[in-house]
Each structure stands twice: as structure tokens, then as C-alpha cells.
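Structure first, commentary second.
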Amino acid sequence: NISDDTFISVNVHLDPPQWFIEQYPDHVDHWEQMIQNLGSEKWKAAAAKYMCALIDKLDEWYPERVYAIFLMCGGTTEWYSYHIDKIIDSPTELQKKAYRDFCGDESAEIPLRSVLHSASDGVIRSRKEQSEAIKYWRFTNEIVMDTVLYFARIAKEHTNGNRVVGLFSGHIYGQNLDFAVQTSYNRLDRLLNCPDIDMLFCPASYLFRKLESTSAIRVPIDSIRCHGKLFSHEIDSSTHLLKKSTDAGAISHAVGRDEAFSCSYDSITYIRREVGMVLAKGQGYWWFDMFSGYYDDPELMREITRLREIQEKVCEQTFESVSEVVEMLDIESNYYLKTNTYYPMAEHQSEALNRTGAPWDMCMTFDFDC
């Protein structure tokens, strides 16, 4: 049972289950090698049918309560593939066909890893000499966006356009620039220009979580606002309570989420900083109790309640940027950087910009046309 004032957002896990992969052996583990399945019309049709049936059943159980459909897929449900080089070295028939369709050439072959990670001028690619590499990386980004927008359109149509549709994506500020291409996040413009996408979300910065730091947002949040989309900042950091759970503490530390807060004051200070940073941009946030027990403390819950009350007041206000400083990223240029070479993410500059004391905006070069 749920209370009368509760609303539901549905995380729809679109990865093909193991029984589907066993039944159709031309498919692979979607969590690790998502890109290799995206050319499958069979999987897309089955996943879309499942999504619609799930929405219908939840509407039957909870009439007028389901307000959002969130599309989850691939590595960490964030629409990327873990094993990028494995995908290159062992292409599947589905992957080859999708690439040939993209190229419009039945004889096209996926280039070797040495070709795909090459550059003729140090780390800079030549449009002519690395044309095959550039074409392949464009393919991976386009097919991911094609798939996202396919499911978004069906979700919108099935619900008569009256549900919020969103996904984890847009981590351009929080990705090494070569990795933005390899994880297929390099067509953010297509997401922001799509009428079927309403909302993006992303975890809080992993670089600047300590109390002595400033935190940071990993998406171009002002671009999201410019295009009329919503953003939710996932606050998945640990709190001082994590030390009370040995198992949870070990897991959290293993995945880099042990912020080592020593007391409730530390945790409260941190969550105030996260919430204030996002509310200053007119956007939202959610608390992710990732390994359980992060917020099992009356003092913390009182603070979260107070922050929620502040948020409700802030959301009644209109927002307009007063920034005279802007950091702008260009996604097209990422295709011309050698992959498998470390290029610091834009997020590295966030702490210095946050310490200037001046408001600043996070945008993309395609916003010049916005």
C-alpha cells in the first residue's frame, strides 16, 4: 500500500534477461556489451512490449500515481558498454549489420582496434587519415541515441504524452573527453532537442566529495535548462552512519563512495552543499541510499525535511541566470581526439570556478543555436 499523496517513478530495466540471450544466442550480455545488441529489432520490440505492459499493470494497481518512466539500460543502467575493446575485438553479426546499415555499405567492416584508437598528429585525428575511426565512433554514438529515442517515443505515445520520460545520460562534464565518445554520450544535443525526453539525471561529482572541496555537477546543467528539460542530481554519497555497517562500509569503500564523514555535522554540511548547489540552478535532486543505512538517523532526516521545505519555497520562484562566466564544451571536437588517451574532464575545472565567488554557467557550444 502507498499513501494518498505518494507518486511513483518507474525505472524500466530494458536489458534483455538471460533467458532471452539463451533463446537468441546472437545476443550478448547487455550490461557489459550493450552496443552489440542495439541493432536487434527483436530485442527492441520485446523490450518495448514489456515496458508498455509494465506501465499498464502499474496504472491498474496505482491509478494516476505513476508520473514518470525512466529508461534504464546497459552498464550501471546508464546506457554505455563496459568492455569497449572486447566489443571491438569480437564483433557480433548484429553489430556488423548495424554498422553496415549505418555506413550504407554491405561490405563495410568494423575497423581493428589499432585503427580505432589511432591519431596521425599526436593526439589529434586527421579527418582523412582517421576517417574510418571517426566513422565508427560516430556510429556508436548515433545507434545509442537512436535506441534511446526509440524507447522514449514509445513511452510517450503509450501514455498519451502525460508522463515524464528520462534517463541517466549527459555526463559530458564528468567524463574524460575520449571516454565521452567511447561511452556514446557524445550526442547530447539529440537528447536535448528531442520532445520525448523530459529529464536527465546523473550522480554527484566523484572528484569533489570531500568536505574540504566544493562538489560539482557532472552535466551541462545550464544547457539542460536552456532546452526546457529537467535535471535531477543523484546524491549517492555515504554519510557518517556508514561506519556502523561493516558490510555496507566495505562495499561502499570498494566502489569509491566512502567519504569518511566522522559525525552528523559532517553529513549535514555535505548534504546542504549538494542541495544548495543544485537549487541555485533551479533544478532538483534525489537521495540514493545505495548500500542501506545512510540516513537512519533522526537528525539527518530532520535536516532532509528542512531542505525539502526550502526547496518547495525556492521552486515557487522564477530563475534567470546572472552569470557573466560560462564554460562551454564542444562535443563534435571529441571525435577528433585519439581514444584510449587520457584527456582531463571539464569537471576538473569546476572546483576552481566554484571558488572564484562568481556565478558561472555550464553549457555546450550547440547552445549558440538555442
Side-chain angles (χ1 to χ4, degrees), residues 10-60 66 69-111 116 135-161 163 165-169 182-187 190-191 194 196-197:
V10 182
N11 295 340
V12 183
H13 194 180
L14 297 165
D15 290 4
Q18 185 60 36
W19 64 261
F20 186 95
I21 295 172
E22 291 172 359
Q23 184 173 346
Y24 301 104
D26 52 342
H27 295 67
V28 295
D29 186 316
H30 205 80
W31 180 278
E32 296 188 345
Q33 297 161 247
M34 179 190 74
I35 201 75
Q36 294 185 316
N37 291 334
L38 297 190
S40 170
E41 296 300 325
K42 191 177 297 177
W43 160 67
K44 289 196 293 185
K49 183 178 181 181
Y50 156 74
M51 176 177 68
C52 293
L54 177 62
I55 293 169
D56 291 344
K57 181 55 68 174
L58 289 170
D59 281 344
E60 177 186 326
V66 178
I69 312 299
F70 295 149
L71 309 173
M72 305 293 185
C73 197
T76 62
T77 69
E78 293 176 282
W79 289 94
Y80 71 92
S81 305
Y82 269 120
H83 294 303
I84 295 168
D85 283 334
K86 180 178 180 181
I87 290 168
I88 295 169
D89 294 340
S90 304
T92 65
E93 292 304 313
L94 280 172
Q95 181 188 4
K96 292 176 185 178
K97 182 182 183 305
Y99 183 62
R100 288 165 183 160
D101 289 346
F102 174 80
C103 296
D105 180 359
E106 287 301 314
S107 65
E109 296 290 342
I110 294 174
L116 293 178
K135 182 188 296 183
Y136 175 80
W137 294 118
R138 287 192 189 279
F139 155 71
T140 63
N141 283 267
E142 297 298 342
I143 196 172
V144 170
M145 284 301 100
D146 288 345
T147 308
V148 169
L149 301 188
Y150 166 84
F151 286 111
R153 176 179 56 80
I154 290 175
K156 278 291 186 183
E157 290 177 352
H158 190 73
T159 59
N160 298 314
R163 312 297 168 88
V165 174
L167 70 154
F168 277 101
S169 192
Q182 296 184 74
T183 53
S184 305
Y185 284 167
N186 213 47
R187 284 308 309 270
R190 290 188 64 188
L191 281 181
C194 177
D196 298 325
I197 298 293

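Only heavy atoms go into these numbers, but all of them, side chains included; no hydrogens, no water, no symmetry mates. In this chain, residues are counted from 1 in sequence order.
Asp15 places a side-chain N or O within donor-acceptor distance of the main-chain N or O of Gly74, the cut-off being under 3.5 Å. Side-chain atoms of Thr140 do not come within 3.5 Å of backbone N or O of Ser184 as any donor-acceptor pair.
Every residue two or more places apart in sequence or in another chain that forms a side chain to side chain contact (heavy atoms under 4.5 Å, CB included) with Lys156 is listed here: Val165, Asp196, Asp198. Evaluation of the side chain to side chain contact (heavy atoms under 4.5 Å, CB included) rule for Glu157 yields Arg153 as partners, not counting sequence neighbours. Contacts of Trp79 classified as ring pair (Phe, Tyr, Trp, His ring centres under 6.0 Å), with partners at least two apart in sequence or in another chain: none. The ring pair (Phe, Tyr, Trp, His ring centres under 6.0 Å) check on Tyr24 picks up Phe20, with sequence neighbours excluded. Asn160 meets the side chain to side chain contact (heavy atoms under 4.5 Å, CB included) test with no other residue; sequence neighbours excluded. Evaluation of the ring pair (Phe, Tyr, Trp, His ring centres under 6.0 Å) rule for Tyr136 yields Tyr99, Phe139 as partners, not counting sequence neighbours.
Ring centroid separation for the pair Phe151 and Trp43 comes in under the 6.0 Å cut-off.
No side-chain heavy atom of Val10 sits under 4.5 Å from any side-chain heavy atom of Ile55. A 4.5 Å side-chain heavy-atom check between Ser81 and Met34 finds at least one atom pair inside the cut-off.
Between Lys135 and Asp105 there is no salt bridge, since none of the side-chain N atoms of the basic residue sits less than 4.0 Å from a carboxylate O of the acidic one.
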Begin with the C-alpha distance, continue with both residues' side-chain angles, and end with the deciding distance and a verdict on side chain to side chain contact (heavy atoms under 4.5 Å, CB included) for Lys86 and Val28.
-> CA-CA 12 Å; Lys86 180 178 180 181; Val28 295; over 6 Å; no
Q. Can you list the steps and then say if Leu191 with Ser169 is a side chain to side chain contact (heavy atoms under 4.5 Å, CB included)?
A. CA-CA 9 Å; Leu191 281 181; Ser169 192; 3.3 Å; yes
Tell me, with the steps shown, if Leu71 and Phe168 meet side chain to side chain contact (heavy atoms under 4.5 Å, CB included). CA-CA 8 Å; Leu71 309 173; Phe168 277 101; over 6 Å; no
